[in-house]
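These numbers come from a predicted model, not from an experiment.
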Amino acid sequence: MQRRIRCQPFAQVVGQSAWRMTLLHDRPDDLVLWVTRGQGRIVVNGVRRGLGVNNAVVLPAGTLMSVELGAQALAQVIQSPPGTAPRMPTTPMHLRPRDTFAQAELTGEIEAMQREIARDRPHVQDALGAHLTLVAVWLERQRSDGLLDSPPENAGDRLVRRYAELLVQHHRSERVMADYADMLDVTPTHLTRVCKAACGRSAAEILTERVIHAAREMLAEPEPPIGAVADALGFSSAAYFSRFVQMHTGATPSALRLRSGRDAPAAPLGVRRA
């Protein structure tokens, strides 16, 4: 199916499947998150940070990330294929604009995009692309105004970021955590320690989350067969894959596939499923 620009409430993106955002993963599209109420936490390339009201976060395609929002939080999500808007940042950004006019500008663009999607008129993607360009300009203006929340990166953060980048490339292989530590020229103990400090997860837990997300994503579709899923993720056998999945989710791959059919998020208004 052709990838489109989408603009939806966060709750609609995840549907009944919170794992789609709470488990560490990377995405093929650029993502802009705009929090309008409540609080939460986000992990970007292995480093955890707090989220608050009127926070804007840019997560370019291929960024290892997870998002957890509180029960009362509200947020909007713009997803777009990379390169759709030339000015869209290519590195993660976290902005905390305090000016109410600037906040209203971004909210207004998001509301305009959602109206376009709801009406589903001809050339809707062209219109969304125009609004996305304005969102990218807004992001650049906020950065130029010094509103980028970017604490200095220490040696541990740099190591965790490099680990995250390797996981994005290789999580579908048979590599275990110690293999990644070797690739980074550190001991598994040191890698685990810096990961724990950066995001509260061990290095092995980060790897497991990324693999489980990939497994659940593939199991959310009726095909391919479970054995093919296991093979695609680097498992030596379907039986080992099934034990791994059940250990970390409490359910078998077959049960997860059945559940995903019931919990799939609704299609955005005006976007027809293939």
Side-chain angles (χ1 to χ4, degrees), residues 3-14 21 27-45 47 49-63 65-151 265 268-271:
R3 284 154 61 195
R4 302 164 175 259
I5 300 170
R6 290 173 287 171
C7 185
Q8 307 166 258
F10 182 87
Q12 190 173 343
V13 173
V14 301
M21 280 293 187
R27 307 173 76 87
D29 288 340
D30 293 338
L31 184 151
V32 178
L33 176 72
W34 176 232
V35 181
T36 55
R37 189 176 80 187
Q39 297 179 323
R41 293 183 300 185
I42 189 166
V43 177
V44 180
N45 284 331
V47 179
R49 310 206 53 209
L51 281 174
V53 65
N54 297 322
N55 279 202
V57 180
V58 181
L59 298 162
T63 302
M65 49 81 71
S66 70
V67 182
E68 297 180 56
L69 294 181
Q72 303 304 314
L74 292 177
Q76 305 296 326
V77 180
I78 304 171
Q79 299 173 81
S80 60
T84 305
R87 288 187 175 273
M88 187 61 65
T90 56
T91 57
M93 286 175 52
H94 189 164
L95 298 162
R96 302 179 190 266
R98 299 177 181 85
D99 179 70
T100 55
F101 178 74
Q103 295 166 6
E105 279 187 312
L106 181 55
T107 298
E109 290 300 334
I110 288 172
E111 290 175 347
M113 293 176 79
Q114 291 175 339
R115 284 194 298 271
E116 284 288 346
I117 293 170
R119 292 171 181 170
D120 197 22
R121 296 180 294 177
H123 311 298
V124 61
Q125 286 294 307
D126 292 335
L128 292 175
H131 286 294
L132 183 66
T133 296
L134 291 173
V135 169
V137 169
W138 183 92
L139 292 166
E140 183 57 39
R141 284 173 171 169
Q142 302 310 303
R143 174 160 52 185
S144 298
D145 288 344
L147 297 175
L148 183 64
D149 189 348
S150 180
L269 291 173
V271 177

When rounded to the nearest 0.5 angstrom, what distance separates CG in Leu31 from CZ in Arg6? 9.5 Å

Residues in side-chain contact (heavy atoms from CB on, under 4.5 Å) contact with Ser66, at least two apart in sequence or another chain: Leu24, Val43, Arg201

Applying salt bridge (Lys or Arg N to Asp or Glu O under 4.0 Å) as the test, list every pair that has at least one member in residues 72-82; sequence neighbours left out. none

Could you tell me whether a side-chain N or O of Gln39 sits under 3.5 Å from a main-chain N or O of Gly70, the two making a donor and an acceptor? no

List for me each residue that meets salt bridge (charged side-chain N to carboxylate O under 4.0 Å, His left out) alongside Asp149, sequence neighbours excluded, and say none if there are none. Arg49, Arg96

Taking only residues two or more places apart in sequence, or in another chain, which ones meet Arg37 in a salt bridge (charged side-chain N to carboxylate O under 4.0 Å, His left out)? none

Would you please name every residue forming a salt bridge (charged side-chain N to carboxylate O under 4.0 Å, His left out) with Arg143, sequence neighbours left out? Glu140

So how far is it from Leu95 CG to Arg141 CZ, rounded to the nearest 0.5 Å? 14.0 Å

Just list the side-chain donor-acceptor pairs under 3.5 Å for residues 104-112, sequence neighbours left out, or say none.
from	atom 1	to	atom 2	distance (Å)
Thr107	OG1	Trp34	NE1	3.0
Thr107	OG1	Gln103	O	3.1
Glu109	OE1	His131	ND1	2.8

Please enumerate all residues that pass side-chain contact (heavy atoms from CB on, under 4.5 Å) together with Asp145, with sequence neighbours excluded. Leu147

Partner set under side-chain contact (heavy atoms from CB on, under 4.5 Å) for Ala61, not counting sequence neighbours: Asp30, Pro82

Quick one: side-chain contact (heavy atoms from CB on, under 4.5 Å) partners of Ala127, sequence neighbours excluded? Glu116

